[in-house]
Amino acid sequence: MLAEPKTEEMTSAVAMNSALDCAMAADPKVILLGEDIADPIGGVFKVSKGLSTKYGAHRVRATPISEQAIVGTAIGLSLAGYRPVAEIMFFDFITVAMDQIVNHATKLRYMSGGATPAPITVRTTVGGSRFGAQHAQSLEAWFMHTPGIKVVMPSNPVDAKGLLTSCIFDDDPCLFIEHLNLAYSSKAEVPVDDLRMPLGKANVLTAGGDVTLITYGATVPLVRAAAETLAGQGISAEIIDLRTLMPLDLDTVFESVSKTRRAVVVHEATQFMGPGAEIGAQIHEQLFGELLGPVLRVGARFTPVPFSPGLSNAPSTERILTAVHSLLDQP
Amino acid sequence: MIAPTTEALLDREASERMYELMLTTKLADDQAREETKAGRLQAAFYPVRGLEAVCAALGEVLRPDDQLVSTYRNLGDALAKGVSLRAIMAELYGRIDGVSKGKGGAMHLHDTAVGFMTTTGIVGSGLPIALGLGLGAQLDGSDRAVVVTFGDGATSIGAAHEALNLAVLWRLPILFLCQNNQWGEHTPIAEYAGSTDLRARVEAYGMPAHRVDGFDLFATLRCLRDAVASLRAGRGPVFVEAMTYRLTGHTGTADFSYVPADELAAAMARDPAPVFRSWLVESGTLTQGEADEVEHRAEQAVADAFAFAQASPLPGPAELWTDVFATDVVTWEER
């Protein structure tokens, strides 16, 4: 019998720091790049805290405010045999580096017939509206729409560590999205040593028979809360945390929806043309004859992210419950 | 006419090598444009005519382990770094024997075995990628040089400025080689740049910056040799603005009538390969017969490459799905 791995209680932010630490210890080719990431600040969200002190400023490189240069440097480093991890402070700022990511990192393998892949990891943060509409957008659909990049969004500290480590050692470019609402709130027992999880494997969080709730990232807690309410009403929901949006684990989704015959996709990204549009279409194409109602979506309203606490365009537990009830009420 | 200089003492082999490279580049470029005009080559081909001397000088100063990032106007760079002409041409035709199995096209050449790392079709975007290669060389403790080539038009793009700043900050061993052909697509440099002194602009970043006559093979050779030696010595990045002129249209088939006739005539009179041939013969470096022999070899190589490319098969349909990811990721569209 194998000994249980040693664990410590960590937030997602600490778990990601642990992932970077383990990866840097395991492989001297892992290099971190990003604005303010070196000590003493260790990144504005502290995810790289302590690492420049431990591994040296040559491996944890604080950069100018130059997103194109950050990602371009990561690409060039990967061509030189390194495994760079680039931090883009906020998801919104990725627009500045879009050329380097979607025209170069994602295409180099294909355009070279497999000769010059760019296995970089781009970490970024998302969520919350205390900074306003230019610091909170959920842009994952843009990248799911772009062949050649893997898109990962964990919902808890264990996944955050395991998936980030896998991204770093994956041979494709990976976009790793960290939600600020999840980064510091909940804690979990996380293995302190190297931890890797397969990319492209969804996690069935709860089993249920009446409806499948498909979600990822920051809406996982909302969906859990909705499922508890539904349980009190005698409705059993199966929750799928996708964890990876590309590759998208549709096998797990189809298996679940074949059983429950009802599905709601929940995400914080804009509902219109969002990830749920493709997931819903896939379910309709594969399982149309088995469904008891249309696949519904609960996503952000089609507005910029509002600043005022009086406004919200984000999905809520209430909206999830309304969607589920409307499905169950189908004639 | 290139004035004989101390470089007249340059060894005969190097002179011959550079002449052959310039000529091969010119002839392959001419042939590719003919093919596109005839409709036999369905590729956006960006001619390099006018850059031959800069490319030959670059090829002469670089080692095989030095790394180059180039642009869509890349034929001369690729040949200078040693990429196979056959594989380049097959790529232009979208054939399986191309450098990218036909999946990249003319704008996406590479051969990492000879340090030709990648090329980009997005103006100015190669500069940030060169940063990473330069950083890699620095972290490796290697004295290999990294070069990124780009046109004058690229200096208007933000990415270029981000890269110049960061390269200086980190003292990266990068030669930023601006192949200034005076035109940004169909716009002359004076109409898109507030200051056309690109060298002066870059100097303001704190980087040594030089301007050299890119039609003068020896001057360019001297300048690039010094620049690369400086990189290898760990003195940080260098910018070189090689002044040339675009001797053709922006693409292989583009209208070219907007170029002032007198400017073009003046530039054509300095067409690098023919001018160098005259110098080689007049200086006694090569005999008339030896120069003819080089010319014959270049013609043969170009004819062979085009024949090879045209005979190479197209990639099979299964190639569509390979190389998207490292391992096949089944998408539901495929089922």
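What you are looking at is a predicted structure, and each value in this text was computed from that prediction instead of being measured. All chains are named by letter (A, B, ...) in the order of the sequence lines, taking the proteins before the strands, and each is independently numbered beginning at 1. Note that these values count all heavy atoms, side chains included, but never hydrogens, waters or copies made by symmetry.
Chosen from B/Val324, B/Asp323, B/Val146, the residue pairing most often with chain A at heavy-atom distances under 4.5 Å is B/Asp323. Counting heavy-atom pairs closer than 4.5 Å to chain A, the top residue among B/Ala130, B/Ala163, B/Pro128 is B/Pro128. Between chain A and the options B/Thr112, B/Leu127, B/Thr120, B/Ile122, the largest number of non-hydrogen pairs under 4.5 Å is found for B/Ile122. Contact tally against chain B (heavy-atom pairs below 4.5 Å) for A/Gln100, A/Glu285, A/Lys107: the top residue is A/Gln100. The candidate with the highest count of non-hydrogen atom pairs below 4.5 Å against chain B, out of A/Ala74, A/Ser78, A/Gly114, is A/Gly114. For the set B/Lys101, B/Glu91, B/Lys103, the entry with the most heavy-atom pairs within less than 4.5 Å of chain A is B/Lys103.
Here CD1 of B/Ile129 is found 11.0 Å from CD of A/Gln68. Values are rounded to the nearest 0.5 Å. Atom CD1 of A/Ile120 is separated from atom CD1 of A/Ile75 by 5.0 Å, given to the nearest 0.5 angstrom. Interatomic distance, A/Ile37 CD1 to A/Arg61 CZ, rounded to the nearest 0.5 Å: 9.5 Å. Residue B/Asn165 holds its CG atom at 8.5 Å from CE of B/Met207, rounded to the nearest 0.5 Å.
Scanning for side-chain hydrogen bond (donor to acceptor under 3.5 Å, both in side chains) contacts around A/Tyr110 gives an empty result, with sequence neighbours left out. Remark: B/Tyr46 engages B/Tyr72, B/His250 in a ring-ring contact (aromatic ring centres under 6.0 Å, His included) (not counting sequence neighbours). Scored by the side-chain contact (heavy atoms from CB on, under 4.5 Å) test, A/Met89 finds A/Glu35, A/Asp36, A/Val44, A/Phe45, A/Phe93 as partners (sequence neighbours excluded).
With a 4.5 Å cut-off on non-hydrogen atoms, B/Ser125 touches chain A through its backbone and its side chain both. In this structure, chain A has heavy atoms under 4.5 Å from both the backbone and the side chain of B/Leu320. In this structure, the portions of B/Ala159 lying under 4.5 Å from any heavy atom of chain A include both its backbone and its side chain. Only the backbone of B/Val99 comes within less than 4.5 Å of a heavy atom of chain A; no side-chain atom from C-beta onward does. There is no contact between B/Leu109 and chain A, counting heavy-atom distances below 4.5 Å. Within the 4.5 angstrom heavy-atom criterion, no atom of B/Asp111 approaches chain A. Interface remark: A/Ser112 contributes backbone and side-chain atoms alike to the contact with chain B (heavy atom separation under 4.5 Å). Both the backbone and the side chain of A/Asp171 come within less than 4.5 Å of a heavy atom in chain B. Only the backbone of B/Thr322 has a heavy atom closer than 4.5 Å to any heavy atom of chain A. Interface remark: A/Glu67 contributes backbone atoms only to the contact with chain B (heavy atom separation under 4.5 Å). Heavy atoms of B/Gln138 lying under 4.5 Å from chain A belong exclusively to its side chain.
Annotation for B/Gln310: atom CD counts as buried by contact number, over 12 foreign heavy atoms lying within 6.0 Å. In this structure, A/Lys201 places its NZ atom where only 12 or fewer heavy-atom neighbours from other residues, nucleotides or ligands lie under 6.0 Å away.
No donor-acceptor contact under 3.5 angstrom links the side chains of A/Thr260 and A/Glu238, judged on distance only.
Proximity to chain B at a heavy-atom threshold of 4.5 Å picks out A/Pro147, A/Gly148, A/Ile149, A/Lys150 from residues 142-152 of chain A, in numerical order.
Note: B/Phe150 and B/Phe239 have tilted aromatic rings, judged against thresholds of 30 and 60 degrees for the angle between ring planes. Aromatic ring orientation, B/Tyr205 versus B/His161: tilted (interplanar angle from 30° to 60°).
No donor-acceptor distance shorter than 3.5 angstrom exists from the side chain of B/Asn74 to the backbone of B/Thr149, with no hydrogens or angles considered.
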side-chain hydrogen bond (donor to acceptor under 3.5 Å, both in side chains) between A/Thr252 and A/Glu255, worked out: CA-CA 5 Å; A/Thr252 297; A/Glu255 195 181 321; 5.5 Å; no

